[in-house]
Participant: 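I'd like to ask some things about the structure below.
Lettering follows sequence order; numbering is per chain, from 1. Predicted, not measured: the structure shown is a model, and the values here were computed from it.
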Amino acid sequence: MDYNRLAELLFPGVTATPEDMERRYPERRLPEGAKVTRIAPSPTGFFHFGGLFPATVGERLAHQSGGVFFLRIEDTDSKREVEGAAAFITKILSYYGLDFDEGVTADGDKGDYGPYTQSQRVDIYHVYAKKLVRDGLAYPVFSTDEELDELKAADKKAEIKSVKWEEEAQARRDAMIARRDFTMEQVEAELAAGHKFALFARADGDPEKKIKITDLVKGTLEIPENDEDVVLLKSDGIPTYHFAHAIDDHLMRTTHVIRGEEWLPSLSKHLMLFRYLGFRAPKYMHIAQLMRLDENGNKKKLSKRDMGANLDDYRRMGYPVPSVSEYVMTLLNSNYEEWHMQNPDKSWRDFPFSIKKMSASGCLFDTEKLNDVSKNVISRMTAEQVFDGVCGYAKTEDPEFYETLTGDPEYAKRILSIGRGGAKPRKDFAVWADVRPYMAFFYDKYFTRDDEMPADKDKADIKTALESFVSTYDENDDQSAWFEKCKDIAESIGYARETKLYRKEPDKYKGHVGDVASFVRLAVTGRQNSPDLYEVIKIIGKDRMVDRIRAAIALL
RNA sequence: GGCCCGUUGGUCAAGGGGCUAAGACACCGCCCUUUCACGGCGGUAACAGGAGUUCGAAUCUCCUACGGGUCACCA
């Protein structure tokens with residue numbers, strides 16, 4: 001077989017050579033040890049939460065080493081492509097602060113190694129396709145349109161589950177081998193008939209032999225050599241992931257390929273392609289998948305339709321960006337939390353991220369832990385920052401509340417200042433959506449009486465206590481003077497001045513000062529629980545406090 | 001089914017031949033406390049199983065079990 005002639009026949013228009021490509025995309029000039037990483041999503045209009053893991057690792061590794069982090073859009077599957085998806089991806093990556101140095105942006109490509117969209121790189125792939133044909137390493141497989149339609153309609157998953165899988169796989173292999181060695185005449189005839197061809201790489205591996213390869217996360221892997229012919233180009237001339245991966249990551253000079261472990265089974269194919277193409281393979285890092293628990297208590301891959309699988313869900317649920325980032329870091333590097341406790345004021349970007357600390361096994365998504373991380377994140381913020389965070393969330397997710405907040409920002413910030421800023425800040429919010437119910441009673445239009453006055457206390461006593469509170473209240477009292485008055489009121493209605501006294505001798509009193517405070521709290525906030533009552537009343541103001549207490553007395 | 005990866009408390013995990021096997025979240029109890037939140041102290045709870053190597057194994061080897069992934073002209 002004259003492979004040169006075959007190559008010309010198959011790719012008559014391709015004149016560029018691999019050498020041209022090397023010149024066009026030279027080695028990057030970067031400092032020693034600099035890593036080049038990438039994030040390579042498919043534009044399906046959906047960014048998986050799990051995608052944040054490799055993306056974060058890639059971003060950290062590149063930027064921690066003075067390297068390059070780039071974005072490549074892998075749109076080789078036109079069937080799954082969604083309009084505007086690339087723009088959505090860049091938007092969400094920037095929302096999560098995963099800034100890339102090169103790649104597809106709203107204003108076109110940025111960087112010298114583009115185009116960064118695979119569908120725009122078809123010419124490049126064909127250069128290498130032609131080379132592989134010339135080298136006798138790739139061959140065409142012709143199909144009629146009808147056969148192609150059939151292929152698309154086939155339900156692969158159903159086949160795999162069949163018990164006869166082994167036989168069917170063998171049959172497929174035999175069919176493949178039969179098509180491997182078309183004669184030149186056959187090829188010419190197919191071409192003349194206008195049939196399309198897919199390009200396959202001829203596998204040369206022996207599955208009985210194992211290749212040892214070091215994965216930076218998994219350690220030493222032993223995988224069988226590849227003996228399956230790999231589809232390089234589909235009938236439409238568009239490359240498969242495998243082919244595009246080898247060419248792009250070589251030409252873009254990627255040093256570390258970070259991806260999910262679902263790619264592990266095809267690693268053998270990729271290594272073979274790198275070898276065929278004469279490229280040095282990058283270092284690989286296969287990250288374990290994020291799991292969830294199914295109804296039977298088994299681990300399952302967090303799949304598209306699961307709650308929380310869509311990264312954008314977290315914005316809509318009201319998680320601050322750093323909460324999500326920090327949660328991801330806690331899972332990625334087990335010593336992150338410890339470091340953060342020692343460096344509470346530093347950003348997760350200051351953390352010395354280490355490949356060695358990455359876990360080889362998959363973990364379960366844990367909402368409780370996310371919430372805990374998030375509570376800590378928000379508790380460290382200033383009232384101003386919390387205000388901005390809530391507003392940013394409410395603007396799109398709760399516009400009515402947004403109007404309320406921005407109607408009187410200073411008032412809102414005073415409320416948000418309660419218990420904030422000290423060494424032991426309150427931790428009331430895990431998500432921005434928690435803020436509204438927390439703040440509601442400060443606003444007359446949201447105020448409701450959710451909890452009743454305690455039924456076991458004498459109504460006359462409650463009334464007396466509330467009336468005394470109103471008549472003795474002085475806005476100028478400091479907290480201790482204020483509380484002394486509460487104690488006086490307690491005493492006046494036969495309640496203990498101190499909670500401790502009551503506990504010691506419960507029979508001697510009808511209640512204690514805590515009960516008095518709780519009457520006032522119930523009257524003013526409509527609830528049993530609230531942040532510091534003294535602060536609350538100061539913010540609400542004497543007039544509204546008095547109104548609410550009078551209304552409560554009337555209800556007795 | 002073949003192949004590959006994984007397996008320390010409910011969850012995330014430290015530990016890489018010599019511990020009574022860290023810590024965080026969750027849970028429970030106590031303390032602090034005018035409620036809540038915070039904080040403090042304490043507690044329940046784990047090396048998947050079996051062989052082997054060794055004076056000694058969570059740690060090394062093998063087998064088994066279980067879980068996951070994958071087996072497309074998808075990525």
Side-chain angles (χ1 to χ4, degrees), chain A residues 40-42 44 74-77 79-80 141 143 147-148 151-152 154-157 159-167 169 172 196-200 207 215 218-219 221-224 228 231-236 238-242 244-245 259-268 286 288-289 291 293 298-301 327 330-331 334-338 341 357 359-373 375 379 418-419 422-428 438 483 486-487 490 498-500 512-518 520-522 525 527-534:
Chain A
S42 301
T44 59
E74 308 219 320
D75 60 342
T76 54
D77 184 8
K79 293 189 289 292
R80 296 202 311 172
V141 169
S143 304
E147 287 171 318
L148 252 20
L151 254 182
K152 280 176 195 161
D155 184 353
K156 312 286 181 210
K157 293 285 169 190
E159 284 179 42
I160 289 160
K161 279 179 185 150
S162 115
V163 213
K164 287 188 279 181
W165 172 251
E166 206 31 61
E167 291 168 31
R172 248 195 308 269
K196 293 179 179 146
F197 68 89
L199 194 71
F200 280 67
D215 180 287
K218 297 274 182 189
L221 264 24
E222 250 184 55
I223 53 178
E228 261 178 76
V231 182
L232 267 16
L233 298 176
K234 298 177 257 184
S235 298
D236 55 6
I238 304 291
T240 56
Y241 170 88
H242 312 295
H245 155 55
R259 50 162 44 163
E261 68 178 347
E262 71 272 21
W263 288 107
L264 230 32
S266 38
L267 181 55
S268 193
H286 289 94
Q289 300 267 303
M291 307 288 203
L293 239 36
N298 290 325
K299 282 188 182 181
K300 277 274 148 5
K301 183 167 150 182
Y327 175 61
T330 63
L331 293 180
S334 51
N335 55 330
Y336 174 75
E337 279 190 276
E338 194 186 339
M341 274 188 257
K357 285 286 180 183
S359 172
S361 53
C363 61
L364 240 32
F365 177 78
D366 185 355
T367 308
E368 300 278 5
K369 186 72 184 181
L370 204 212
N371 285 344
D372 179 68
V373 169
K375 279 185 178 181
S379 78
I418 302 174
K424 298 170 186 174
R426 297 185 65 90
K427 296 180 180 174
D428 298 295
Y438 173 87
F483 198 54
C486 291
K487 290 179 179 177
E498 309 277 347
T499 310
K500 275 182 191 160
H512 57 85
V513 65
D515 294 320
V516 173
S518 116
V520 176
R521 176 174 295 106
L522 249 1
T525 71
R527 312 173 188 174
Q528 256 167 10
N529 305 325
S530 80
D532 187 82
L533 189 54
Y534 173 78

Participant: Over how many whole Å does the gap from H286(A) atom NE2 to U70(B) atom C1' extend?
Facilitator: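 In whole Å, U70(B) C1' lies 12 Å from H286(A) NE2.
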Participant: Pairs counted only when both distances fall under 3.5 Å, Watson-Crick or G-U: show me the 5' to 3' dot-bracket for RNA chain B, [ ] for pseudoknotted crossings and | for other-strand partners.
Facilitator: (((((((..(((.....[....))).(((((.......)))))....(((((..]....))))))))))))....
Participant: Is D428(A) salt-bridged to R426(A), cutoff N-O under 4.0 Å?
Facilitator: yes
Participant: Any carboxylate oxygen within less than 4.0 angstrom of a Lys/Arg side-chain nitrogen, looking at D77(A) and R80(A)?
Facilitator: yes
Participant: Could you measure between the two C1' atoms, the one in G29(B) and the one in U34(B), and give it in whole Å?
Facilitator: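 Their C1' atoms lie roughly 23 Å apart.
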Participant: Once hydrogens and angles are ignored, does a donor-acceptor distance under 3.5 Å link the base of C4(B) to the side chain of S268(A)?
Facilitator: no
Participant: Any side-chain N or O of S334(A) below 4.0 angstrom from OP1/OP2 of A14(B)?
Facilitator: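 True: S334(A) side-chain N/O within range (under 4.0 Å) of A14(B) OP1/OP2.
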Participant: Write down the distance separating the C1' atoms in G52(B) and A26(B), rounded off to the nearest Å.
Facilitator: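 Going atom to atom, C1' in each nucleotide, I get 39 Å.
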Participant: Starting at OH of Y241(A) and ending at C1' of A72(B), how long is that distance when rounded to a whole Å?
Facilitator: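 In whole Å, A72(B) C1' lies 15 Å from Y241(A) OH.
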Participant: Using atom CD of Q289(A) as one end and atom C1' of C4(B) as the other, report the distance to the nearest whole Å.
Facilitator: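 Result: 14 Å.
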Participant: Using the C1' atom on both, measure C60(B) against A22(B) and round to a whole Å.
Facilitator: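 To the nearest whole Å, 23 Å.
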Participant: Should Y327(A) and F365(A) be marked as a ring-ring contact (aromatic ring centres under 6.0 Å, His included) after you check the CA-CA gap, both sets of side-chain angles, and the distance that decides it?
Facilitator: CA-CA 10 Å; Y327(A) 175 61; F365(A) 177 78; 5.7 Å; yes
Participant: Measure the distance from CG on L364(A) to C1' on A13(B) and round it to the nearest whole Å.
Facilitator: 13 Å
Participant: G2(B) and G43(B): how far apart are their P atoms, nearest whole angstrom?
Facilitator: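 That atom pair is separated by 48 Å.
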Participant: Mark up nucleotides 25-36 of chain B, 5' to 3', with B wherever a protein heavy atom is under 4.0 angstrom from a base atom, S wherever such an atom reaches only the sugar-phosphate, and - elsewhere.
Facilitator: SS------BBBB
Participant: Check for a donor-acceptor pair, side chain of T240(A) on one end and backbone N or O of L233(A) on the other, with a separation under 3.5 Å.
Facilitator: no
Participant: Do any N or O atoms from the side chain of T525(A) and from the backbone of L522(A) form a donor-acceptor pair under 3.5 angstrom?
Facilitator: no
Participant: Quickly work out the R259(A) CZ to C74(B) P distance and round it to whole Å.
Facilitator: 17 Å
Participant: Where the side chain of S42(A) meets the backbone of T44(A), is there a donor-acceptor pair that is under 3.5 Å apart?
Facilitator: no
Participant: Below the 4.0 Å mark, does A72(B) have OP1 or OP2 next to a side-chain nitrogen or oxygen of K79(A)?
Facilitator: no
Participant: Could you tell me the separation between the NE2 atom of H242(A) and the C1' atom of A75(B), rounded to a whole number of Å?
Facilitator: 8 Å
Participant: Starting at CG of N335(A) and ending at C1' of A22(B), how long is that distance when rounded to a whole Å?
Facilitator: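 Computing the N335(A):CG to A22(B):C1' distance gives 14 Å.
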Participant: Using whole Å, report how far CD of E338(A) lies from P of G23(B).
Facilitator: 11 Å
Participant: Side chains of H245(A) and R259(A), heavy atoms from C-beta outward: is any pair under 4.5 Å?
Facilitator: yes
Participant: Map M291(A) and E74(A) onto RNA chain B by nearest heavy atom, then report which one ends up closer to the 5' terminus.
Facilitator: M291(A)
Participant: Classify the side chain of T240(A) versus the base of C73(B) as yes if they form a donor-acceptor pair under 3.5 Å and no if they do not.
Facilitator: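 Donor-acceptor pair under 3.5 Å: no.
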